[in-house]
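Remarks on the structure that follows.
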Amino acid sequence: MDDLVPLFTRIGLSEQKAKETAKNKKLAPTLAAAIEAAGFASGEVPETIGKMLYRLASTITPPALPHLDHLAQAVGDGRLTTNEQVDAAIKFSATQDPTVDTAAFERACGIGVTVSDDEVNQAVAEYLQTHHDRLVKDRYRALGALLGGLKKVEALRWATPAKVKAAFDDQVLNILGPKDERDEIVKTKGGKGKDKAPKAVPAQAKADGAATPAADGPRRDPDAIFFEGELSRLHRPGGNPQIDPALMEAHLKATGGQVVTRFPPEPNGFLHIGHAKAINVNFGYAKAHGGVCYLRYDDTNPEAEEERYFTSILEAVKWLGFTPYTVTYSSDNFQRLYELAVELIRRDKAYVCHCTGEEIKAHRGGDAKGPRSDCVHRARPVAESLAEFQKMKDGRYGEGEAVLRMKMNMQDGNPQFWDLVAYRVLNTPHHRTGSTWCIYPTYDYTHCLCDSFENITHSLCTTEFRQSRESYYWLCDALGVYKPVQWEYGRLNVTNTVLSKRKLLQLVNAGLVSGWDDPRLYTLPALRRRGIPPQAINNFVREVGITTSNTTIEVERLDNQTRAYLDEHAPRLMAVVKPLRITLTNLPEDFSESLTVPFKPRTPAMGEHTVPFTRELYIDASDFRLEDSPDYFRLARGKSVGLLHVPHPITCEDVELDAAGEPVHLLCRYENGPDVPKPKAYVQWVAHNPAHGSPVPIQELRVYDRLFRHNNPLDKSEVPEGWLSDVDVDSLHRLTGALVEVGVWDAVRRWTAAMADPVVERAHVENLRFQFVRIGYFAVDKDSVLPPSETVASGDSAACTAAGQLVFNRIVTLRESNKKESGTTQA
Ligand SMILES: Nc1ncnc2c1ncn2[C@@H]1O[C@H](COP(=O)(O)OP(=O)(O)OP(=O)(O)O)[C@@H](O)[C@H]1O
Ligand SMILES: NC(=O)CC[C@H](N)C(=O)O
């Protein structure tokens, strides 16, 4: 039968499958006969015909065999085109005499029946309506069974299966939205995927999808997270169903098929580390897909908005390294939103309601309050609502006397989907529109419409908006405008802090922190001021991953990302926190040697600087002990230690004490003779010789512990006295008297030279970050005074020291320390 293989490959079977089929004693002759009867003994066979002939030959039953030729002809001339039709034809023929009643045959197989797209959509909609409860309850897990059931729908019997499937998928997406964590497949012990609700992710648990930390293992593509998990299953532009296909056409024309997202903060406070996630999600998803992201100020609440928040938000977004496609304001759309509200009333989908807030709540029903109930205003005539809305706009109602409500739903149990308020009266001037309006649109009314105006493809927000999906989609459809898809991800929190604006304000007002940018806080301005590099924040957010679980991540993970970044990028300098003077007695008074030291070992690109080595110098007091012990390898009377970058060690010969018995001056010998053993330890130091570059005094070294003592200050079981009681009032240590090597000015010079406008860029001193060797990572605080640009550029270190005043923030310790230990151990 091998000679049949070429015939079988011609109908589209693979070589392998054709060989297997040729060996099948029953199937091979039937298929060969069918191909011949269909008129394809030679020549090309169209793909669908090939498939149907195979279906026919492989499923035909003995009673229908006498009709094989006739059936094959019906396939060959394109009358039988689907599996459903071939199956029906076989079934019908099995009951017939050799002579066939053609009309009856065609009726039985749906030949000549066409089902339009509208009919398909309609039938699928009716089917899903009947199974709505099951679909909503079991969500994507129900799809297999529902799709199976769809086959039995008579109206769809002769429809093209691909069209039915497409309509089904679209409508399901419309009802359920994209998959989320409720649809996750949880692996069971046996390793087999099983559908079940996901377990809550415990606080501090490593979130799913966490990337390899930057510090260990090969680095992953930081954008990989946008193509994994649920994000990988989000629709492509054009794939989100609309009530009218023309809306999608217009949308695609406007966007060119690009992904469009938006980051929509309310300008009522400073952004925090959680927003860094939102920024990464929105800007990052768009960028990874070659799309664009808007920064949209969601400014519909004039009471809470202030200019400084607008400015700070844009700065923070840019600081994190993202560029908004355009900066927009919800308020840009106030007129358009108003006109659409009038249209909504005209469509009898909104009404003016005069109930009090209490009454509205009572009508909402729920739990103990009983079922929802309509208020008297719901049924008022359209004309009356139009007139009343006009009165609202004209300022003829006071606050609370009238609201516009959307006729959404008074049956459902979804607390975010009922007759939501669209407009309220507010006699507050708006930051941008002044007193033009005395009615303002609500979030529920504004957000989806602004998304629609901006042609957003993916409206990405946090999970507390999950239940708002229905109202979001309802409003777009009710007004017949383009409808984006909303998808939610989990909020990000970190341990040992609070993020809510209200709580931060309490801390500021109580004087427990110096302001919104106090470096102990986790607002973006605070993190920036502290010197945390934006790259470390982005790496942290991406390492944690983007899932739908709300996560509280150990703040140590941010510290680790900060260290990993600074280890690579921060120039290294020597500094001493508590200077202890040393005289190298065997060197001449005016001894000075210039040592050339790289800013980072084995990294020539970071440059080098000059370190003067002189007879007088300082080490850190913590590197000397009056009482020696065999396991102590730094300096003590009679002991030697190495000075970093200096060729030979020093040995302590004598110690001068102050009145309190504390060492104030060490007399040491520079061991530059032959055969001196290598020291067991090296310490940092700074030279002290006015003629050759004095060390630079640090006005203040600010060392921070965690502001909150407990991981979860808001958790009453951890902090029964309440979160405010958890504040460590002793978490800021201001150290004075520290010294840094004069090379700090070389670093400042390199930094300012790299700035487009050094004077302006002084504002960004937090970018001046250093590793103080053996102490920690430090950034210049904005309270510093930098010398004038010309002085810095002149290279005159003494003049710089005279003109500047340096204040440093400790960004992070060098290593992860035991949490219980005081964070000051390394500085
Ligand atoms: N902790 C968080 N983690 C992730 N995303 C967040 C977090 N907080 C806010 N967002 C998201 O950032 C976007 C803009 O936030 P907006 O300032 O309007 O939120 P918010 O909920 O008022 O924030 P908060 O009250 O915490 O300051 C929204 O999409 C919001 O969902
Ligand atoms: N959908 C959203 O992203 C919500 C943004 C809105 N500004 C809020 O947090 O209230």
Side-chain angles (χ1 to χ4, degrees), residues 129 132-140 173-183 197-198 200 264 266 268 274 278 298 300-301 304 341 344 349-379 400 402-424 440-451 459-479 483-491 493 500-502 548-550 714:
Q129 185 58 40
H132 186 263
D133 289 352
R134 173 157 184 213
L135 179 62
V136 170
K137 184 169 143 282
D138 293 342
R139 294 181 53 81
Y140 282 85
L173 182 67
N174 214 5
I175 296 169
L176 298 181
K179 284 188 179 175
D180 56 38
E181 93 286 352
R182 290 170 291 178
D183 308 303
E266 243 178 273
N268 63 351
D298 208 355
T300 56
N301 189 7
L344 199 64
K349 289 182 173 170
Y351 58 99
V352 172
C353 170
H354 304 279
C355 294
T356 62
E358 287 299 296
E359 285 166 340
I360 292 180
K361 262 195 215 144
H363 289 140
R364 180 178 179 164
D367 298 344
K369 294 184 216 119
R372 284 185 184 169
S373 56
D374 295 2
C375 74
V376 288
H377 312 104
R378 195 175 207 261
V403 288
L404 181 71
R405 292 177 68 185
M406 295 175 276
K407 258 191 201 177
M408 284 185 163
N409 174 12
M410 290 306 276
Q411 265 88 50
D412 212 283
N414 176 351
Q416 295 306 323
F417 186 47
W418 65 307
D419 283 7
L420 293 169
V421 171
Y423 268 86
R424 75 267 197 219
Y440 289 95
T442 58
Y443 165 82
D444 293 310
Y445 179 76
T446 310
H447 198 79
C448 59
L449 293 180
C450 289
D451 277 356
S459 180
L460 309 173
C461 58
T462 39
T463 48
E464 72 271 23
F465 294 100
R466 158 90 31 83
Q467 289 182 309
S468 301
R469 270 189 196 179
E470 277 183 279
S471 70
Y472 183 114
Y473 295 145
W474 179 94
L475 184 54
C476 291
D477 285 347
L479 284 167
K483 179 175 57 186
V485 165
Q486 178 181 303
W487 184 78
E488 307 85 9
Y489 54 88
R491 282 178 92 87
N493 291 295
S500 117
K501 288 170 199 135
R502 206 173 44 83
T548 48
S549 332
N550 288 336
L714 297 173

Please identify each residue that fulfils side chain to side chain donor-acceptor pair (under 3.5 Å) with Tyr440, with sequence neighbours left out. none
From Cys375 atom SG to Glu359 atom CD, the distance as rounded to the nearest 0.5 Å: 8.5 Å
Indicate the atoms forming the closest heavy-atom contact of Thr548 with Thr463, along with that distance. O-CG2, 3.4 Å
For Asn414, check side chain to side chain donor-acceptor pair (under 3.5 Å) against everything at least two apart and list the hits. Glu470
How would you list, by chain and number, every residue that makes a side chain to side chain donor-acceptor pair (under 3.5 Å) with Ser459, sequence neighbours excluded? Arg262, Asp451
How long is the span from the CG atom in Leu475 to the NZ atom in Lys483, to the nearest 0.5 Å? 11.0 Å
With Arg364 via side chain to side chain donor-acceptor pair (under 3.5 Å) - residues at least two apart: none
Ala422: which residues meet the side-chain contact (heavy atoms from CB on, under 4.5 Å) condition with it, sequence neighbours left out? Leu404, Met406, Tyr445
How about Thr442 and Tyr423: do any of their side-chain heavy atoms sit closer than 4.5 Å? no
Point-to-point distance, once rounded to the nearest 0.5 Å, from OH of Tyr472 to CG of Leu449: 9.0 Å
Sequence neighbours left out, what passes ring pair (Phe, Tyr, Trp, His ring centres under 6.0 Å) with His354? Give chain and number order. His377, Tyr397
Compare every heavy atom of Asn301 with every heavy atom of Arg424, then report the nearest pair and how far apart it is. NH2-OD1, 3.7 Å
For the residue pair Arg466 and Trp487, would you count it as a cation-pi contact if the rule is NZ or CZ under 6.0 angstrom from the ring centre and within 45 degrees of the ring axis? no
Once rounded to the nearest 0.5 Å, what's the spacing between atom CG of Asp374 and atom NZ of Lys407? 9.0 Å
Over all heavy atoms of both residues, which pair between Leu420 and Gln416 is shortest? Give the atoms and the distance, please. CD1-O, 3.4 Å
Please name all residues satisfying salt bridge (charged side-chain N to carboxylate O under 4.0 Å, His left out) with Arg134, sequence neighbours left out, ordered by chain then number. Asp138
Is the closest side-chain heavy-atom distance between Phe417 and Gln467 below 4.5 Å? no
I'd like to know if Asp419 and Arg378 make a salt bridge, using a cut-off of under 4.0 Å between side-chain N and carboxylate O. yes
Applying salt bridge (charged side-chain N to carboxylate O under 4.0 Å, His left out) to Lys349 and not counting sequence neighbours gives none
Can you name the residues that form a salt bridge (charged side-chain N to carboxylate O under 4.0 Å, His left out) with Glu464, not counting sequence neighbours? Arg491
Taking only residues two or more places apart in sequence or in another chain, which ones pass side-chain contact (heavy atoms from CB on, under 4.5 Å) with Ser373? His363
Pairwise side-chain contact, Val352 with Arg405, heavy-atom cut-off 4.5 Å (strictly under): no
Grab the two heavy atoms, one from Pro441 and one from Thr300, that are nearest each other, plus how far apart they are. O-CB, 3.4 Å
List in chain and number order the residues that pass side-chain contact (heavy atoms from CB on, under 4.5 Å) with Phe465, two or more places apart in sequence or in another chain; answer none if no residue qualifies. Tyr443, Cys461, Thr462, Ser468, Gln486
About how many Å separate CG of Asp298 and OG1 of Thr446, when rounded to the nearest 0.5 Å? 7.0 Å
Hey, what do you get for CG (Asp444) to CH2 (Trp474), rounding to the nearest 0.5 Å? 11.5 Å
